[in-house]
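Everything on this sheet refers to the single structure shown next.
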Amino acid sequence: MKEIKKAVIPVAGFGTRLLPATKAQPKEMLPIVDKPAVQYVVEEAVNSGIEELLLVTGRNKRAIEDYFDYAIELERELEEKGKTDLLNVVRNVSEMVSIYYVRQKVANGLGDAIYHAKGFVSDEPFGVLLADDIIDSSKPCLKQMINVYKSYPGIILAVMKVPIKDTNLYGIIKGNKIDDRLYEVEDLIEKPNPMEAPSNIAIVGRYILMPSIFESLKDTKPGKNGEVQITDAIKNLLIKEKIYAYEFEGARFDVGEKLGYLKANVSFALKNKEFGKEFKKYLKDIVEEA
Ligand code: UTP
């Protein structure tokens, strides 16, 4: 069995749900406390054993490439001033992992973004992480999925139960429970109305995919919102591949929308070693006053 050493992070979307903050900067660079959202996801990949990462970028996303590059002048300045701690923080960001970039010229959907990884992936299974979904867990979510893959080689989708009224926001699976937290997928539907949803088990932004996804994506017509949907391409593989859905352990924040972004900031700030306690007190005080 081939090990999973490569992963793809698509970051070419417009981020319209966070406008106007995302008018002139990538949503993936918005900070969650003191690190850009994309760094949480890159760290998750690295801590899951990923050795090579491909970021699918687009126009207005250059800040992401700069962020993971060396910042020569800044580093020199920090060195001269003896700010070694900060220097290490800054340098570590650019030395975490080998990152490659490809541009999606037109934002034709997540499926199309993943199709741009064809050359990078070649003939290996690979991970996909969406920077919109930050998952806080003691064992990185992708690592949990890679462990599942070792016993159940196939496509693995990260899932969580959502309120039935929210099924129209997610890809939803129909599945048979086969193990602890694990379902064998029989069908999947992109953003069904609650009335038509086969379950309340929703796909979130972590996938283990096979190279067969590229053949399928090539044949997948634009679906909901006129975009090439990854859910549709995975669905087309139901007859060919084993597809599993894994209920990961951890808390997931949708930082691609305003409320989720705020919740992530509050949650991570409360855990912050430097000022978490003080922040908690501050929150308590203002909530009591409100
Ligand atoms: P979303 O649909 O959540 O991202 O795609 P978006 O389009 O940026 O968001 P809104 O709806 O306008 O606020 C999920 C992920 O897929 C990437 C996005 O960057 C995000 O990480 N994506 C989406 C692409 O890379 N290319 C696309 O064409 C669409």
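In this text the structure is predicted, and so the values were computed from the model without any measurement. Both ligands and their constituent atoms are indexed starting at 1 by order of listing.
With a 4.0 Å cut-off on non-hydrogen atoms, A12 touches ligand 1 through its backbone as well as its side chain. Within the 4.0 Å heavy-atom criterion, neither part of E227 lies near ligand 1. Under 4.0 angstrom from ligand 1, there are no non-hydrogen atoms of L18. Neither the backbone nor the side chain of E257 comes within 4.0 Å of ligand 1, counting heavy atoms alone. Under 4.0 angstrom from ligand 1, the non-hydrogen atoms of V11 all belong to its backbone.
Heavy atoms from other residues, nucleotides or ligands lying under 6.0 Å from NZ of K280 number 12 at most.
In this structure, K27 has a heavy atom closer than 4.0 Å to ligand 1. The shortest separation from a heavy atom of D112 to ligand 1 is not under 4.0 Å, leaving the residue out of contact.
The hydrophobic cluster containing I99 does not contain V90, counting ILVMFWY residues as joined when their side-chain heavy atoms lie under 4.5 angstrom apart, directly or transitively.
The one candidate from I4, V8, I9 that meets the side chain to side chain contact (heavy atoms under 4.5 Å, CB included) condition with I50 is I4.
Ion pair R252/D136 not flagged as a salt bridge, since none of the NZ, NE, NH1 or NH2 atoms sits closer than 4.0 Å to an Asp/Glu carboxylate oxygen. Here R62 does not pair with D66 in a salt bridge; the nearest charged N to carboxylate O distance is not below 4.0 Å. In this structure, E75 pairs ionically with R91, as a charged nitrogen and a carboxylate oxygen lie closer than 4.0 Å.
For ligand 1, the atoms lying closer than 4.0 Å to a non-hydrogen atom of N108 are 28 (O). Every atom of ligand 1 is numbered from 1 in the order shown, and the set under 4.0 Å from a heavy atom of Q104 is 24 (C), 25 (O), 26 (N), 27 (C), 28 (O).
Checked against a 3.5 angstrom limit, the closest N/O atoms of A131 and ligand 1 fall outside it. Among the atoms of L130, none of the N or O lies under 3.5 angstrom from an N or O of ligand 1. Between G15 and ligand 1, at least one N/O pair is under 3.5 Å apart. Residue G256 has no nitrogen or oxygen atom sitting less than 3.5 Å from a nitrogen or oxygen atom of ligand 1, judged on distance alone.
Heavy-atom minimum distance, E52 versus Y100: OE2-OH, 3.0 Å.
Ring centroids of F120 and F126 are separated by 6.0 Å or more, keeping the two rings apart.
No hydrogens or angles considered: a donor-acceptor pair under 3.5 Å links the side chains of Y183 and E247.
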